[in-house]
Amino acid sequence: MGRYAMQGRDMTTHTAAPVTVVGLGAMGSALARAFLAAGHPTTVWNRTPNRTEPLRAAGATAETEVADAVSASQLVVVCLLDTSAVTEVLDAVGDAVTGRTIVNLTSATPEDARAVAGRVTSVGARYVDGTIMVPTPMVGTANAFVLYSGDLDALAEHHDTLSALGGELQSLGEDPGLAAVYDLGMLDIFFAGMTAFLHAAALVGADGVSAATFLPYARRILDLLGPTFAELAGDVDAGKHSGAQDNLTMELAFLDHIVATSQARGVDTAVPDTSRALVRAAIGAGHGKDGFSRVIDTLRHPGA
Ligand SMILES: NC(=O)c1ccc[n+]([C@@H]2O[C@H](COP(=O)([O-])OP(=O)(O)OC[C@H]3O[C@@H](n4cnc5c(N)ncnc54)[C@H](OP(=O)(O)O)[C@@H]3O)[C@@H](O)[C@H]2O)c1
């Protein structure tokens with residue numbers, strides 16, 4: 001992954017550079033606390049001013065005008081609800097952004113991230129996009145995980161300060177949309193996985209098995225998924241879909257059982273229906289002897 005991964009902070013050269021945090025929701029506040037804990041002079045701004053109070057009490061400087069907050073530091077970390085909030089705030093900041101590095105940790109689509117990057121760089125600022133892949137309590141700990149893409153020189157320059165957020169900083173490349181691409185890919189798996197577990201819980205629950213009783217068995221499947229993903233990735237990248245050990249026609253029978261058993265218990269079938277429809281489409285296109293990775297064709301070209 002990426003051109004380089006940066007780990008930890010170099011305490012011997014650490015100079016506690018100033019940093020500004022724009023947006024003090026749950027995540028922005030966690031970011032500001034992590035910078036303060038690492039000794040960085042931290043300036044904060046939030047649309048609703050009273051949210052700055054706990055940070056002020058912890059040693060931050062609170063500004064009432066966002067342009068003043070941005071002017072206070074070379075590095076400005078933005079963490080707002082969405083891109084429309086970021087755009088509104090950039091409108092208010094005006095040319096105070098010129099000469100700064102904006103690290104935007106607001107979740108977005110790749111298109112949004114690239115548009116914000118274009119806007120920021122057009123007024124002479126440097127832009128790094130980022131996505132935080134952990135919940136707020138993990139920010140500032142060794143288990144934090146943040147993905148970055150965009151201006152790699154700016155990222156390297158501010159590496160030490162950003163290391164205060166904890167864990168490993170992953171740099172994905174110069175395209176500012178890449179952090180969002182990886183974010184959405186990872187969340188795609190997260191939500192599909194949660195939905196699949198809940199469907200399974202409803203299915204086994206209909207026969208009196210509690211979710212907790214089923215959990216260790218669900219975990220056995222999770223253990224299988226790691227190596228399975230590696231095989232699928234190899235197949236997808238190679239464009240080869242061998243069904244020598246398990247083919248789609250055989251797998252369709254499993255999916256028929258899951259759908260039929262769900263239906264018989266009045267459990268929603270949307271989850272297994274999705275997998276079954278994909279497998280049926282691949283078989284219909286003449287790939288019944290191929291492995292499951294063949295489904296990528298239908299995902300890439302629905303209706304083809
Ligand atoms: N919380 C998490 O666990 C988590 C994890 C990973 C990533 N993230 C990402 O982090 C970002 C922030 O999440 P959060 O949990 O901090 O959200 P949040 O608690 O709902 O806070 C939202 C922030 O956005 C500000 N805001 C909203 N609309 C605005 C506008 N039009 N102009 C100016 N400020 C505006 C809010 O200001 P007010 O206080 O004035 O409303 C607040 O500071 C999101 O992109 C989220 O996806 C969050």
Side-chain angles (χ1 to χ4, degrees), residues 19-37 42-58 60-72 75-94 96-97 102-117 119-120 127-150 162 164-170 172 176-191 193-194:
V19 58
T20 289
V21 178
V22 170
L24 296 177
M27 185 51 83
S29 295
L31 301 174
R33 270 188 229 106
F35 288 128
L36 284 168
T42 304
T43 300
V44 295
W45 175 88
N46 194 62
R47 178 182 63 176
T48 307
N50 63 11
R51 282 183 111 161
T52 63
E53 281 313 315
L55 275 305
R56 226 152 56 136
T61 302
E63 293 289 354
T64 50
E65 298 299 326
V66 65
D68 293 337
V70 167
S71 300
L75 174 62
V76 179
V77 174
V78 177
C79 189
L80 298 169
L81 183 63
D82 54 21
T83 298
S84 98
V86 172
T87 304
E88 250 181 67
V89 166
L90 286 174
D91 284 342
V93 170
V97 82
I102 304 297
V103 175
N104 182 15
L105 299 182
T106 305
S107 300
T109 65
E111 287 75 16
D112 283 344
R114 289 171 187 137
V116 175
R119 176 181 175 152
V120 166
Y127 184 81
V128 176
D129 203 87
T131 59
I132 303 158
M133 306 310 302
V134 293
T136 55
M138 282 166 73
V139 171
T141 73
N143 293 325
F145 185 48
V146 187
L147 302 175
Y148 296 96
S149 66
L162 293 170
L165 302 182
E168 191 180 319
L169 281 69
Q170 288 275 347
L172 300 168
L178 270 180
V181 167
Y182 279 69
D183 178 34
L184 299 181
M186 290 172 75
L187 290 177
D188 196 3
I189 295 168
F190 189 60
F191 282 104
M194 287 198 298

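Whatever order the structure lists them in is the order used to number ligands and atoms, beginning at 1.
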* To do: Provide the number and element of each atom of ligand 1 under 4.0 Å from a heavy atom of A85.
  =>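 Matching atoms, with element in brackets: 28 (N), 29 (C), 30 (C), 31 (N), 35 (C).
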* Those atoms of ligand 1 less than 4.0 Å from some heavy atom in T106 ->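 It comes down to these atoms of ligand 1: 45 (O).
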* Has V134 got any heavy atom lying under 4.0 angstrom from an atom of ligand 1? ->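 Checking ligand 1 against V134, which is what was asked, there is a heavy-atom contact under 4.0 Å.
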What's the shortest distance from [atom] to any protein heavy atom, and which residue and atom give it?
| atom | answer |
| --- | --- |
| atom 7 (C) of ligand 1 | I132 O, 3.7 Å |
| atom 32 (N) of ligand 1 | R47 CD, 3.7 Å |
| atom 37 (O) of ligand 1 | N46 OD1, 3.7 Å |
| atom 11 (C) of ligand 1 | L80 O, 3.3 Å |
| atom 46 (C) of ligand 1 | S107 OG, 3.6 Å |
| atom 17 (O) of ligand 1 | A26 N, 4.5 Å |
| atom 40 (O) of ligand 1 | T48 OG1, 2.5 Å |
| atom 10 (O) of ligand 1 | C79 SG, 3.4 Å |

Got [X] and [Y] here, is their nearest side-chain heavy-atom distance under 4.5 Å?
| X | Y | result |
| --- | --- | --- |
| R119 | T87 | yes |
| V78 | V89 | no |
| T43 | D68 | no |
| L169 | Y148 | yes |
| Y127 | V103 | no |
| V76 | I102 | yes |

* Would you mind finding which of M138, M27, R51 brings a heavy atom closest to atom 16 (O) of ligand 1? =>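 The residue whose heavy atom sits nearest atom 16 (O) of ligand 1 is M27.
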* To do: Measure from atom 20 (O) of ligand 1 to every heavy atom in V22, L31, L81, L24 and give the option owning the shortest one.
  =>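 Nearest heavy atom to atom 20 (O) of ligand 1 lies in L81.
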* **Closest non-hydrogen atom pair, T20 against A72** =>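 The pair with the smallest heavy-atom distance is OG1-CB, 4.0 Å.
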* To do: Check D129 against A113 and note the closest heavy-atom contact, atom names and distance.
  =>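 Reported closest heavy-atom pair: OD1-CB, 3.4 Å.
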* Using modelled atom types only, decide if a donor and an acceptor are shared between the side chain of W45 and the backbone of G23 within a distance under 3.5 Å. =>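 Answer holds: no.
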* With heavy atoms only and a cut-off of under 4.0 Å, state how V89 meets ligand 1: side chain, backbone, both or neither. =>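 For V89, only side-chain atoms sit under 4.0 Å from ligand 1.
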